[in-house]
Q: 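Questions regarding the structure given below will be posed in turn.
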Amino acid sequence: MNIYADIRALVTQELDALATEGLLPEGLSFDNVAVEPPRDPLHGDMATNAAMVLAKPAKKKPRDIAEALAERLAADPRIVTADVAGPGFLNLRLAPSVWADVVRAVLAEGDDFGRSQMGQGKRINVEYVSANPTGPLHVGHTRGAVFGDALASLLAFAGHEVTREYYINDGGGQVDTLARSVYLRYLEAHGQEVAFPDGTYPGDYLIATGQALKEKVGDAYVDQPESVWLQEVRNFATEAMMALIREDLAALGVKMDKFYSEKSLYGTGRIEAALKALEDKGLIYEGVLEPPKGKKPEDWEPREQTLFKSTEHGDDVDRPVKKSDGSWTYFAPDIAYHFDKVERGFDALIDVFGADHGGYVKRMKAAVSALSDGKVPLDIKLTQLVKLYKNGEPFKMSKRAGTFVTLRDVVDQVGPDVTRFVMLTRKNDAPLDFDFDKVLEQSKDNPVFYVQYAHARIKSVLRKAQAAGIAIDDATLGAADLSGMTNAAEITLAAKVAEWPRLLEIAARTNEPHRIAFYLYELAGDLHALWNRGNDEPELRFLQEDNPATSQAKIALARAVSVVISTGLGILGVTPMEEMR
RNA sequence: GGUCGCUUAGCUCAGCUGGAUAGAGUGUCGCCCUCCGAAGGCGAAGGUCAUAGGUUCGAAUCCUAUAGCGACCGCCA
């Protein structure tokens, strides 16, 4: 049940009726007609801009349309009053029974309340994390992992068929560097003194990998040239790093549907096929790029390369797919990978990148646009930097990696639930402050705590009711007489619950899971407000020990809130707490 | 130099395909509680939505320019 959609359907139905009566022209588009909560609750429960939106195309005064519409709407039993306000807003006040219906709907639908069909079963591929397999995940990856995972869940809840995918960059020079670094650790495991030159990975996390390599191959590679061991060590090391990364993801509660190997694109004709597809569209040519404008690199010289004419699909300059020595640039396999995604039949693609890949967005979109003839949209979401703090002081230390803070450093300290929720308390494209102490603080300005506390409070009420011998199963609560739910704080809370399906669709449409976190915070705030009223007005308390029927009615509302919190947290990948300690 | 993103209350940030007097938390100030569901409650003050133009009946929201901050910018991925 989505009350906003229901009322909007009513509005458009009555607009049609007005058209039939001749008060509006036939065939008007109602696409821009919105039914939403008014900014000021004093204005009513819902507002519609229908009259203002239609005034121009209908060539009528907004207020005339609004008044005619108001009269028709007021005839509906769900609507108590319909008032024209301001320039032509129509404010609707709903019958209390509407909110009771919402509560009953939540209890009946359970975790499915708010589930939407807006996705129409469209297949969406969400690619996220995709960190190079050269070491443990760090905080930046953590944000991308949380964001991508929540986004995928959100889209699935909104009726899409979602594939969560990780692209393993195991085909480029960085895995050779990894192999050489592991080789040094391997020599070290054999008792040799080693130094880590610039361009190798000195992190401690490779010590175990070098040791494991020794256990596998003994001294077979000691003092041997690269030609003997490079390929084997590369495979060994990459697998070890991916195992590490999978563990990191598991610690955060992220589970991918598919890991896609860049290496699998080489030597299989996949890259050639993708570039052939572009060539057939006349988008590949041999040419020389202009030097970057402004400050010129010192060693700049013109070079002829194989280029992709990405400018025809919105990019600023054409991009090389082959280096001057004839080998592929990193862009070429990425094109092939996205070609593969298009060929797998996805209706839409989403890539979640770190902010340092910002310069990469246009060319990737250009490639997908070209490869799919503009049929498959690619949305690229960038996650901005995470700034770490401890006690308000900038924090930069890692025992594991030496140079960066890892996902494990964060998750081990504050747990996966807090990590995930906090990472979603900002828009993805805004920098995020993460303070190890504040996120664990038990106070109102900590959103994680505040939302979890609301859920735990409701669970506590349910436990106490049960202990008092009151039946609290959803069927019983759903059958309770809710006509007594008339207090303003109760209505506010129920109305906030009713917003959930609408909010979910907005979040899904904009690919912005953070909206759920903010909504849950507001919902929790409304619950706490009602709870606090119970201090002064005992009749507002959820549990009325001497009156089971009234208790059930009040607990029905609380239970509905807990269902929505639980569902919302579930989408964010956060486990709702049964009690706080 | 170019591209992209950001700029909203003292601070940290929301702000719905453009809509009414721009919201929340925190901080500040006042009141309440201190035996009960107070890891608080009620209320107040606090804004040139970076700046300047433009589009519109209507702009924090869309467009243009400028400033500041950040990321990125041909053989690293």
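Residue numbers start from 1 in every chain, and the chains themselves are labelled A, B, ... in the order their sequence lines are given, proteins ahead of strands. Because the structure is a prediction, the values reported are computed rather than measured.
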Q: From C-beta outward on Ala85(A), which listed nucleotide comes closest to its side chain: rG74(B), rA20(B), rA24(B)?
A: rA20(B)
Q: Which nucleotide wins on minimum distance to the side chain of Asp356(A), given the candidates rC75(B), rA71(B), rG19(B)?
A: rA71(B)
Q: Say we look at rC73(B) and rU64(B): how far apart would their C1' atoms be, to the nearest angstrom?
A: 24 Å
Q: Distance check needed: rA20(B) C1' versus Asp83(A) CG, whole Å only.
A: 14 Å
Q: Going by centres under 5.5 angstrom and planes under 30 degrees, do the aromatic ring of Tyr453(A) and the base ring of rA39(B) stack?
A: no
Q: Look at all strands and tell whether Ala47(A) reaches a base, only sugar-phosphate, or nothing, counting heavy atoms closer than 4.0 Å.
A: base
Q: Taking only residues two or more places apart in sequence or in another chain, which ones pass side chain to side chain contact (heavy atoms under 4.5 Å, CB included) with Asp546(A)?
A: Gln544(A)
Q: To the side chain of Asp429(A), which of rG19(B), rA20(B), rG5(B) is closest?
A: rG5(B)
Q: Go through the N and O atoms of the side chain of Asp334(A) and the base of rA77(B), and report whether any donor-acceptor pair is under 3.5 Å.
A: no
Q: Does the distance from a Lys or Arg side-chain N to an Asp or Glu carboxylate O, for Lys387(A) and Asp435(A), drop under 4.0 Å?
A: no
Q: Taking the side chain of Lys323(A) as its heavy atoms from C-beta onward, which of rC75(B), rG19(B), rC6(B) lies nearest to it?
A: rC75(B)
Q: Given rA77(B), rG19(B), rA24(B), which nucleotide is nearest the side-chain atoms of Asn132(A)?
A: rA77(B)
Q: If you find the nucleotide of RNA chain B closest to Asn532(A) and the one closest to Phe542(A), which residue's nucleotide is nearer the 5' end?
A: Phe542(A)
Q: May I ask you to say what Gly172(A) touches in the nucleic acid, namely base, sugar-phosphate or nothing, with a heavy-atom cut-off under 4.0 Å?
A: sugar-phosphate
Q: Is there a donor in the side chain of Tyr260(A) and an acceptor in the side chain of Asp340(A), or the other way round, less than 3.5 Å apart?
A: yes
Q: Look at the side chain of Asp316(A) and decide which nucleotide, out of rU56(B), rG74(B), rU3(B), has an atom nearest to it.
A: rU3(B)
Q: Which comes earlier along RNA chain B counting from the 5' end, the contact point of Met46(A) or that of Ser327(A), where each point is its nearest nucleotide?
A: Met46(A)
Q: Looking across every strand, which nucleic acid part, if any, lies under 4.0 Å from Asp31(A) by heavy atom: base, sugar-phosphate, or nothing?
A: base
Q: Quick check for you: among rG74(B), rC72(B), rG19(B), whose closest atom lies nearest to any side-chain atom of Pro320(A)?
A: rG74(B)
Q: Check the surroundings of atom CD in Glu537(A): do more than 12 heavy atoms from other residues, nucleotides or ligands lie under 6.0 Å from it?
A: yes
Q: Please determine whether the number of non-hydrogen atoms from other residues, nucleotides or ligands lying under 6.0 Å from atom CG of Asp325(A) exceeds 12.
A: yes
Q: Distance check, P atoms only: rA50(B) and rA14(B), in whole angstrom units.
A: 14 Å
Q: Could you list all N or O pairs between the protein and nucleotides 9-16 of chain B that sit under 3.5 Å apart?
A:
{"from": "rU12(B)", "atom 1": "O2'", "to": "Arg426(A)", "atom 2": "NH2", "distance (Å)": "2.9"}
{"from": "rC13(B)", "atom 1": "O5'", "to": "Arg426(A)", "atom 2": "NE", "distance (Å)": "3.3"}
{"from": "rC13(B)", "atom 1": "O5'", "to": "Arg426(A)", "atom 2": "NH2", "distance (Å)": "3.3"}
{"from": "rA14(B)", "atom 1": "OP1", "to": "Lys427(A)", "atom 2": "N", "distance (Å)": "3.2"}
{"from": "rA14(B)", "atom 1": "OP2", "to": "Lys427(A)", "atom 2": "NZ", "distance (Å)": "3.4"}
{"from": "rG15(B)", "atom 1": "OP1", "to": "His514(A)", "atom 2": "NE2", "distance (Å)": "3.1"}
{"from": "rC16(B)", "atom 1": "O2", "to": "Arg502(A)", "atom 2": "NH1", "distance (Å)": "2.7"}
{"from": "rC16(B)", "atom 1": "O2", "to": "Arg502(A)", "atom 2": "NH2", "distance (Å)": "2.7"}

Q: Under 3.5 Å, is there a donor-acceptor pair linking the side chains of Tyr337(A) and Glu165(A)?
A: yes
Q: Pick base, sugar-phosphate or nothing for Lys56(A), based on heavy-atom distances below 4.0 Å to the nucleic acid.
A: sugar-phosphate
